[in-house]
Amino acid sequence: ARLKCTPENVKIISRLAGIKESGDWSKMTDFLGYPIDYYTLQGMMTRELFVPEKAKLDELSHYIHRNSESGILLVPDYNSESFMEQNKNASFWPQFLVDNENYAIVKTRIVPTRNEWQLEVDYGNSSNEDFGGLPNSFKLNAVDEDQDIELSFRVQSVVLNQELKMPFQW
């Protein structure tokens with residue numbers, strides 16, 4: 001599949017799945033059935049900290065950390081009145097598991113505000129210097145009332161700042 005996206009719109013094409021869609025992020029949310037935006041997708045694919053629909057990470061000041069055997073868990077401070085008031089319309093908030101030794105994100109979990117579904121991205125210890133430290137593989141697991149989907153991704157190449165060629169016109 002090929003995906004071309006900006007903060008305003010997204011295009012996706014997959015000959016194998018028979019998908020050819022173009023539109024804004026609300027259309028992608030409707031298509032997937034899960035809320036998604038540019039910054040969330042970018043953060044998940046690049047193994048970085050992110051908050052939904054925001055370009056700035058100042059929202060992370062409302063996160064608290066908990067130490068565990070598997071790493072440092074960063075979670076939103078749901079007890080913060082200012083955080084809850086500022087984000088009362090948010091449909092989800094990410095949680096991050098960070099490795100104790102190298103401080104790399106090991107897992108990202110997206111938990112909705114209404115607990116209808118859950119999405120987890122597991123990076124393991126995957127990173128590749130050939131790709132500028134980006135993960136070279138990751139697993140995505142999405143669970144809701146009706147289905148449990150697990151996908152494994154392997155990055156074969158990374159090309160930055162080059163025109164993406166689509167096989168036909170939109």
Side-chain angles (χ1 to χ4, degrees), residues 1-14 17 19 21-66 70-76 87 89-99 102-144 147-161 164:
R2 294 181 187 192
L3 180 72
K4 183 177 184 178
C5 55
T6 66
E8 293 79 34
N9 59 49
V10 61
K11 295 178 183 180
I12 185 170
I13 182 172
S14 171
I19 299 169
E21 293 290 331
S22 178
D24 63 12
W25 285 98
S26 64
K27 186 173 182 180
M28 183 60 81
T29 294
D30 294 342
F31 179 73
L32 293 174
Y34 299 100
I36 189 79
D37 62 77
Y38 177 82
Y39 301 106
T40 300
L41 181 64
Q42 177 179 278
M44 288 188 321
M45 300 294 284
T46 58
R47 192 181 188 174
E48 293 181 353
L49 298 173
F50 65 92
V51 292
E53 301 176 6
K54 306 255 193 237
K56 299 178 183 171
L57 294 179
D58 61 339
E59 292 295 324
L60 289 172
S61 64
H62 293 289
Y63 273 63
I64 57 175
H65 72 279
R66 298 183 181 139
S70 53
I72 302 165
L73 182 62
L74 298 175
V75 296
N87 302 292
N89 296 325
S91 56
F92 70 91
W93 282 96
Q95 300 175 353
F96 305 98
L97 180 63
V98 179
D99 182 53
N102 64 11
Y103 300 107
I105 297 174
V106 178
K107 285 186 183 180
T108 298
R109 180 178 294 148
I110 296 178
V111 180
T113 55
R114 294 186 302 269
N115 292 326
E116 332 166 307
W117 54 272
Q118 181 173 305
L119 178 73
E120 185 171 283
V121 183
D122 184 351
Y123 306 100
N125 292 323
S126 164
S127 71
N128 189 331
E129 293 306 316
D130 293 340
F131 301 152
L134 295 174
N136 58 10
S137 64
F138 58 93
K139 291 181 181 175
L140 187 129
N141 188 351
V143 178
D144 65 18
Q147 57 190 349
D148 183 352
I149 300 170
E150 186 171 310
L151 302 170
S152 294
F153 294 88
R154 192 178 92 223
V155 177
Q156 294 182 327
S157 67
V158 174
V159 179
L160 301 174
N161 298 325
L164 178 64

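Between Pro76 and Ile64 the shortest heavy-atom distance is O-CG1, 4.5 Å. When every heavy atom of Ile149 is checked against every heavy atom of Asn141, the shortest pair comes out as O-OD1, 3.1 Å. Of all heavy-atom pairs spanning Ala142 and Leu119, the tightest one is CB-CD1, 3.8 Å.
Without hydrogens or angle criteria, Tyr123 side chain to Met44 main chain gives a donor-acceptor distance under 3.5 Å. Between the side chain of Thr40 and the main chain of Ile36, no donor-acceptor pair closer than 3.5 Å is present. In terms of modelled atom types and a separation under 3.5 Å, the side chain of Lys27 and the main chain of Ser22 share a donor-acceptor contact. Arg47 places a side-chain N or O within donor-acceptor distance of the main-chain N or O of Ile105, the cut-off being under 3.5 Å.
Atom NE2 of His65 is separated from atom CG of Leu74 by 8.0 Å, given to the nearest 0.5 angstrom. Atom CH2 of Trp25 is separated from atom CG of Leu41 by 5.0 Å, given to the nearest 0.5 angstrom. Summarising the geometry, atom CZ belonging to Arg66 is positioned 13.5 Å from atom CD1 belonging to Ile72; distances are rounded to the nearest 0.5 Å. One finds the CD atom of Gln42 at 6.5 Å from the CD atom of Glu48 (value rounded to the nearest 0.5 Å). In this structure, Gln95 CD and Thr108 OG1 are separated by 10.0 Å, a value rounded to the nearest 0.5 Å. To the nearest 0.5 Å, the span separating CD on Gln118 from CG on Asp148 amounts to 10.0 Å.
The aromatic rings of Phe96 and Tyr63 sit tilted, their planes meeting at an angle between 30° and 60°.
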Check your understanding: Going through the distances and angles, do Met45 and Phe138 end up as a side chain to side chain contact (heavy atoms under 4.5 Å, CB included)?
Key -> CA-CA 9 Å; Met45 300 294 284; Phe138 58 93; 3.5 Å; yes
Practice item. Report the C-alpha separation of Ile110 and Trp117 in whole Å, then their side-chain angles, then the decisive distance to 0.1 Å, and conclude whether the side chain to side chain contact (heavy atoms under 4.5 Å, CB included) test is met. Key: CA-CA 9 Å; Ile110 296 178; Trp117 54 272; 3.7 Å; yes
